[in-house]
Amino acid sequence: MADTYDFGLVGLGVMGRNFILNVADNGFTAFGNDLDEEKVSALIEEGGDTSKVNATSDVETFVGSLTAPRKIMLLVPAGKIVDSVIDGLLPHLDKGDIIIDGGNSFYTDTDRREAYLKEKGINFFGAGVSGGAEGARKGPSIMPGGSKEAYQHVKPIFEAVSAKYKGEPCVAYLGPKSAGNYVKMVHNGIEYGLMQLTSEIYDLLKKAGGLNNKELHKTYSDWNQGRLQSFLVEITSEIFEQKDELTDNDLVDMILDKAKQKGTGKWTSQNAMDLGIPVPTIDIAVSMREISALKDERIKADELYDRPTPKAVDKSDFTSKAEQALYFAFIITYAQGMHQLADASKEYGYELELGEIAKIWRAGCIIRAALLADITEAYQADKDLQNLLLSPSFVEKVKSTVDAARELVSYGAANGIPLPGLSNALTYFDAYTSSRLPLNLIQAQRDYFGSHTYERLDREGIFHSEWNK
Ligand code: 6PG
């Protein structure tokens, strides 16, 4: 069996096993590796024909079974494990071989690994893979970054296994170095924003609109037939239908309201701050997971403060406004993420084409949505578009839905229902579309107490004034 397998994969957890079976389904032979013998046996059994899918726990046998240049994908948890797997592979590799990290690695780790492996003649790719376990099995969206030449070896396999949008593969070479991991990080930041918004609208519909889970299921599933069509809206509608196995209740009502996180949303926010690009809807989505974790404090505080009883609303009108507001805020969230990508591309030399990114997000990934087809077109019409809000094709979409967002944000504020994502999206919009903001006063204050200087509207130059003299 030496030298006969097209593709190697290290890490035979659910994602790895599914990905390798997907590779085999598409006519490539694949070889898996994991230290855990049970995982190795499980894959061999599931793969059926060992001339097509095989596995071993022995690294040397694994590497020796792959055709040159070897294409080895790692689907292991981000962090130190990636480095130790790489070090384990290295003694057996030849110059020109390719290692692809398919996990959610932090982009600077990818840059470091790429430089380290380049010295040894090994090509390293950071490739974001989105779509969860099912995506890995049936077609994920794949976001690879690294050497463009080496990508040609990986391209046929990735194009075959990726999700397809109207026949087009949801994978594209994105750029050098850590471009792939960076794009996946921002994908996840957007994911956090969309999830936060979807949950706020659920809260509103439940507490103000009085919708029960059956009605919520119907509402989200109706929305999924329209312009809000998206993976997250679709699964939300299904969540409301799920019964609990342990009680007679609906499962969603039995789940503790503390959201966990693995860090990618936080990294997106932190990096946006470093770049100086505002992504407040993503920031607040991270903060809300943090607030959610303070359950004990929230219970104590809830007892100390009164909360208004939500005023009755017209259910059908309210639901229609909720659809508009969610659509508006989804646009704003994508706009913020794309804006960050545009800036990062310049800062880190990624040479990203935003139209290509929107294109490969149209299917397979967690943030796939009908809106991404429109976003793709907006960037195809103007590849240097600074912000989606400046695209003529988005002006009408935003204008026709922003008033609903205003109404719901006011309702939430007056009735004590927290809508941080929606209100941040609205505030971002109002600020971004204001030609004059009150930050002149901040400049005056800075100059007043610290002689930090200011610029003027009417003439060029840097000015300082003696205040209160
Ligand atoms: C994907 C997901 C995936 C991961 C989430 C969960 O694109 O398939 O983004 O990478 O499941 O990032 O992240 P949190 O645990 O931080 O919510």
Side-chain angles (χ1 to χ4, degrees), residues 11 13-19 22 73-79 81-82 100-107 109-110 126-145 158 161-163 165 170-172 174 178-200 230-236 239 255-272 279 281-293 333-334 337 340-341 357-369 372 421:
V14 183
M15 287 291 284
R17 199 170 65 236
N18 282 355
F19 197 93
N22 182 359
M73 182 145 165
L74 320 184
L75 276 171
V76 297
I81 298 184
V82 176
I100 307 147
D101 176 11
N104 282 329
S105 289
F106 191 54
Y107 72 98
D109 285 341
T110 300
V129 178
S130 178
E134 191 173 326
R137 184 70 185 87
K138 296 188 184 147
S141 170
I142 311 176
M143 298 154 239
F158 275 3
V161 302
S162 72
Y165 178 85
C170 288
V171 56
L174 295 182
S178 54
N181 283 124
Y182 191 91
V183 170
K184 176 62 179 16
M185 177 185 81
V186 175
H187 164 285
N188 283 24
I190 297 172
E191 172 185 304
Y192 273 50
L194 304 182
M195 290 169 80
Q196 172 61 29
L197 291 163
T198 322
S199 75
E200 287 174 19
S230 56
F231 173 71
L232 288 169
V233 169
E234 181 189 337
I235 64 164
T236 304
I239 285 168
I255 296 178
L256 182 66
D257 52 332
K258 275 164 91 167
K260 298 269 162 62
Q261 50 181 322
K262 291 207 253 337
T264 45
K266 183 182 77 180
W267 296 343
T268 309
S269 275
Q270 284 174 326
N271 183 255
V279 294
T281 315
I282 298 172
D283 300 337
I284 200 67
V286 177
S287 297
M288 282 308 288
R289 293 199 189 190
E290 290 157 1
I291 293 184
S292 85
T333 310
Y334 285 108
Q340 179 167 350
L341 287 177
I357 295 170
K359 217 170 150 184
I360 64 166
W361 285 349
R362 289 176 304 177
C365 64
I366 303 295
I367 65 167
R368 63 183 182 258
L372 278 161

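Here the structure is a predicted model, which is why all the values come from computation and not from measurement. Counting starts at 1 for both ligands and their atoms, in listed order.
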Under 4.0 Å to a heavy atom of [X] - the qualifying atoms of ligand 1, by number:
X	value
Glu191	1 (C), 2 (C), 5 (C), 6 (C), 7 (O), 9 (O), 12 (O)
Ile366	1 (C), 2 (C), 7 (O), 8 (O)
His187	7 (O)
Gly132	8 (O)

Exercise. If you measure from each heavy atom of Met195 to ligand 1, is any distance below 4.0 Å?
Worked result: no
For this session: Could you tell me if any non-hydrogen atom of Cys365 lies under 4.0 Å from any atom of ligand 1?
Result: no
Around [atom], find the nearest protein heavy atom and jot down its residue, atom name and distance.
atom	result
atom 4 (C) of ligand 1	Asn104 ND2, 4.3 Å
atom 12 (O) of ligand 1	Asn188 ND2, 2.8 Å
atom 11 (O) of ligand 1	Lys262 NZ, 4.5 Å
atom 8 (O) of ligand 1	Gly131 N, 3.0 Å
atom 17 (O) of ligand 1	Arg289 NH1, 2.8 Å
atom 7 (O) of ligand 1	Ser130 OG, 2.5 Å
atom 16 (O) of ligand 1	Tyr192 OH, 2.4 Å

If we ignore hydrogens and angles and just use 3.5 Å, is the side chain of [X] paired with the main-chain N or O of [Y] as donor and acceptor?
X	Y	value
Gln196	Ile282	no
Ser162	Cys170	yes
Arg137	Glu134	no

So, [X] versus [Y]: side-chain donor-acceptor pair below 3.5 Å or not?
X	Y	answer
Ser269	Asp283	yes
Ser292	Asp257	no
Ser105	Asp109	no
Asn104	Lys262	no

Exercise. Relative to Tyr192, does Arg289 satisfy both conditions: NZ or CZ under 6.0 angstrom from the six-membered ring centre, and within 45 degrees of the ring's axis?
Worked result: yes
Exercise. How long is the gap from CD on Glu191 to CZ on Phe231, to the nearest 0.5 Å?
Worked result: 9.0 Å
Problem set entry | Rounded distance [0.5 Å steps], SG in Cys365 versus CE in Met143 | 5.5 Å
Exercise. Side chain, backbone, both or neither: which part of Met15 comes within less than 4.0 Å of ligand 1 when only heavy atoms are counted?
Worked result: neither
For this session: Consider every N or O of Lys184 and every N or O of ligand 1, then say whether any pair is closer than 3.5 Å.
Result: yes
